Amino acid sequence: MAQIGQVLVDVPTMQTNDPYSYAIPAELEQQVQLGMRVTVPFGRGHRVVSGVVVGLSDGTNFDGQLKPIASVLDLAPVLNEELRQLADWLADQTYAFRITCIQTMLPNLLKAQTAREIKPTTELSPAEMAQYFPDGAPREFDTSKLDDKTMAGLLRLQRAGKVEVTYQVTSKATAKTVTGILPAQSIDELKAHQDAVVKRAPKQAKLLAYLQTLSPTTPVAQSRVSHDTGVSAAVITAAEAKGWLVKQPIEVYRDPFQRPVTPTAPLTLNTAQQTAVTAITQAIDEQQSQNFLVEGVTGSGKTEVYLQSIAVALDQGRTALMLVPEIALTPQMVNRVKARFGHRVAVLHSGLSKGEQYDEWRRIDRGEATVVVGARSAVFAPVKNLGIIIMDEEHESSYKQDENPRYHARDVALWRGRYHHCPVVLGSATPSLETRARASKGLYTRLLLAKRVNDHPLPTVHVVDMREALKQQGESDFSEPLLTAIQARLDRHEQVVLMLNRRGYSSFVMCRDCGFVLKCPNCDISLTLHMDTHTMKCHYCGHEEAIPHVCPNCHSRKIRYYGTGTQKVEQALQQLVPTARILRMDVDSTRRKGAHEKILRQFGQHEADILLGTQMIAKGLDFPDVTLVGVLNADTALGLPDFRASERTFQLLTQVSGRAGRADKPGEVYIQTFNPDHYAIELAKDQDYERFFVTEMHMRHQGNYPPYYFAVQVTASHEDEATAAKAMYQIVAAVKKGLSANAIVLGPTPKAIARVKRKYYYQVVIKYKHEPQLKSVLEQIRQAAQIPARHGLSVTIDPEPMNFM
DNA sequence: AGCACGCCGACT
DNA sequence: GTCGGCGTGCTC
């Protein structure tokens, strides 16, 4: 039996990034297992923290006095061998702390909370007691909630031994239970009681008869007993008091999708789909970690390929993991999978309550669910024996986490595919350049679904030159051709989807006399006008203030709104087409839980003619009566300082175009733009992904961007601009020393938005092809950043950032 | 992170 | 003289 446990303590610092050794006390020897969470004493004093056992051994390199593990938080390990290895790999790849990676991999509920409590000892005088403990009871000891004077006083008492601080580590993970019933006496005894009361108390007799039919070991839910016998809870409680039965809690799962689904059978595949399924099936059969790119336009039946591939894996007794972007994880989508695989499906996403997430996670962990559907973090689901991993819409940027650990779910999926010797299927109509380039190099097998199922024609796409529209009709968000097209749909009772490219797109306030623009006091950006709350808001830090009526700079009254927000567009549109019923979908109208779904349902039931919204309407919704899609501002994203601007624009336009005319009615798309000649817009008009890929690869080659180069972004931030800049210059100097002449160093430069939440941001981007030293240089920077972190300087390392420049 | 130790200025 | 400010090192 192992004497020593290697524990990663829940203290995210560089010094505790390696496990610490703890003695395993005899009484815990039977309990402690690899991958379990424990609590351990840490530091001087009586501080207790949680940690995870990542190793068991008989010896240790540490030559001090070992402390013992204090308690075990789990009955079963929460991290298996695979996930422990994955955590190490993830920490190494993303320059994040090991414990941070583990926290990310586990459901929220398993994150242990530490609470401190302060209580009086017998030494405390009555006067002090009255001052600090007016209730006479121990009080919560939270540094952030107590004022300085009370804090100082309590700390002085603590030094004098008059009060005592105790630590508690609590895991909120609780299984939901319902009351269960077990017969507590033999059938004969129960029968005797039944005979005795049958005349007098018919309900009791009924219950006694029922108890005789139950197994003495498997509890039955009390609600079930009531339902079956028609006996009330009071009678059951009375029976418990008489010793006829005992109550025992039964663990139940919180099922987030309890609505019944109608089962579906596999659909007949067309040739391209069949070829794809056959290729994937072969990889599953041969247990190969071969990876695929399924490239198919909207409506080409990718989902059916996924579902039938999953079925193959399940038939072989293996499991499946299917990742979809958060925004596409709608009940319709989930029901489609549940309809095929029923109760074997578990769903993981942030819309579930923490309890629901935990229950789904346990179902997966116990092997009760063998198909997992979920967004980014579901890539860490504790599925064993994976037979296939699918990542739909693989180009979606939401697969990259924008906080530590800055992982890309695609990389994790590929890692797990290698671990399980199973195929990873990446699917998209507009694959990311990285993925498509890897397919060209033969790293992924490319499976093309060129045709739409049922041979629906692709919509006709018109590009409207807004420079011309501006000359002819003056300033308006709606060009003449688009308006005409909208009016035609209204006359025919067909539906319209209008999309605003929200990036860099909002209404701000500017003074017409002096040009003053209202800015956020904390961040380096203009405040956005919100008509619903009648306030000016900062989209970065949440700062909010009143709408000015007088210019704060020159006191002119000519302060007006500029730009276009969805709300303003909605008003303008309503004036242009007064009879239209318009639904607006944006961050403001979907903030409430379920609002998103409600708007889509209303639109699907024809309660509105026009759906106006931001990017979120481009993803995955499918309404047969939508025959017109309009993009009001196709190019606002093109102007952003981002090397993926063209790629994003092309993907968005292609995707939103796919929303038009999916049924028997032909679709039309209008793209309004000030850059009609830009290749991203021209090629989106032609819906020519291949040419876009070739053109954009050429641009990336010219600019030395990914996928031709790897990239790492290092950011330093501080409240004082000079401090941030100075730190960045030192980092750049250190980096340059370790790099070859082939690496390209961009910076240091201030970030595009140089100030956010009162902090200034400086960055450097390193582009490289092969730099064996880079990793150790970055590790040194991480180490070195530990000391100035005390003074408010934070340094972050982002491998393969989603945008830079 | 959070606690102790240690070194400096301003008070009973 | 001491109390308490915060800057620094360390936690198996």
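Naming convention: chains lettered A, B, ... in sequence-line order (proteins, then strands); numbering from 1 in each chain. What you see is a predicted model; the values in this text were computed from it and never measured.
C:dT11 atom P lies 14 Å from atom CG of A:Asp18, rounded to whole Å. Taking atom NZ of A:Lys67 as the reference point, atom C1' of C:dC12 lies 8 Å away to the nearest angstrom. Separating the CD atom of A:Gln786 from the C1' atom of B:dA1 is a distance of 11 Å, rounded to the nearest angstrom. Rounded to an integer number of Å, the gap from A:Ile99 CD1 to C:dT11 C1' is 15 Å. Look at OH on A:Tyr20: it is 15 Å from P on B:dA1, rounded to the nearest Å. If you measure from atom CE of A:Met14 to atom P of B:dA1, you get 14 Å, rounded to the nearest angstrom. Residue A:Arg47 contributes atom CZ, which lies 8 Å from atom C1' of C:dT11 at whole-angstrom precision. In this structure, the CG atom of A:Leu8 is 17 Å from the P atom of B:dA1, given to the nearest Å.
A:Phe62 comes within 4.0 angstrom of a base, heavy atoms only. Residue-level contact check: A:Pro19 touches neither bases nor backbone, having no heavy atom under 4.0 Å from any strand. Within 4.0 Å (heavy atoms only), A:Gln65 reaches sugar-phosphate atoms of the nucleic acid but no base atom.
Within 6.0 Å of NZ in A:Lys736 there are 12 or fewer heavy atoms belonging to other residues, nucleotides or ligands. Atom OH of A:Tyr729 has 12 or fewer heavy atoms from other residues, nucleotides or ligands within 6.0 Å. Counting non-hydrogen atoms of neighbouring residues, nucleotides and ligands closer than 6.0 angstrom, the OH atom of A:Tyr768 exceeds 12 such neighbours.
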Pairs under 3.5 Å (N/O, protein and nucleotides 6-9 of chain B):
none

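A:Thr39 places a side-chain N or O within 3.5 Å of a backbone atom of A:Ser71 that can act as its donor or acceptor partner.
Of the two residues contacting DNA chain C, namely A:Gly64 and A:Arg44, the nearest-nucleotide position lying further toward the 5' end is that of A:Arg44.
For A:Thr13, the side-chain atoms get nearest to B:dA1 when compared with the rest of B:dA4, B:dA1, C:dC12.
The phosphate of C:dT8 (OP1 or OP2) has a side-chain N or O of A:His791 nearer than 4.0 angstrom.
A:Tyr407 has its ring centre less than 6.0 Å from the ring centre of A:Phe380.
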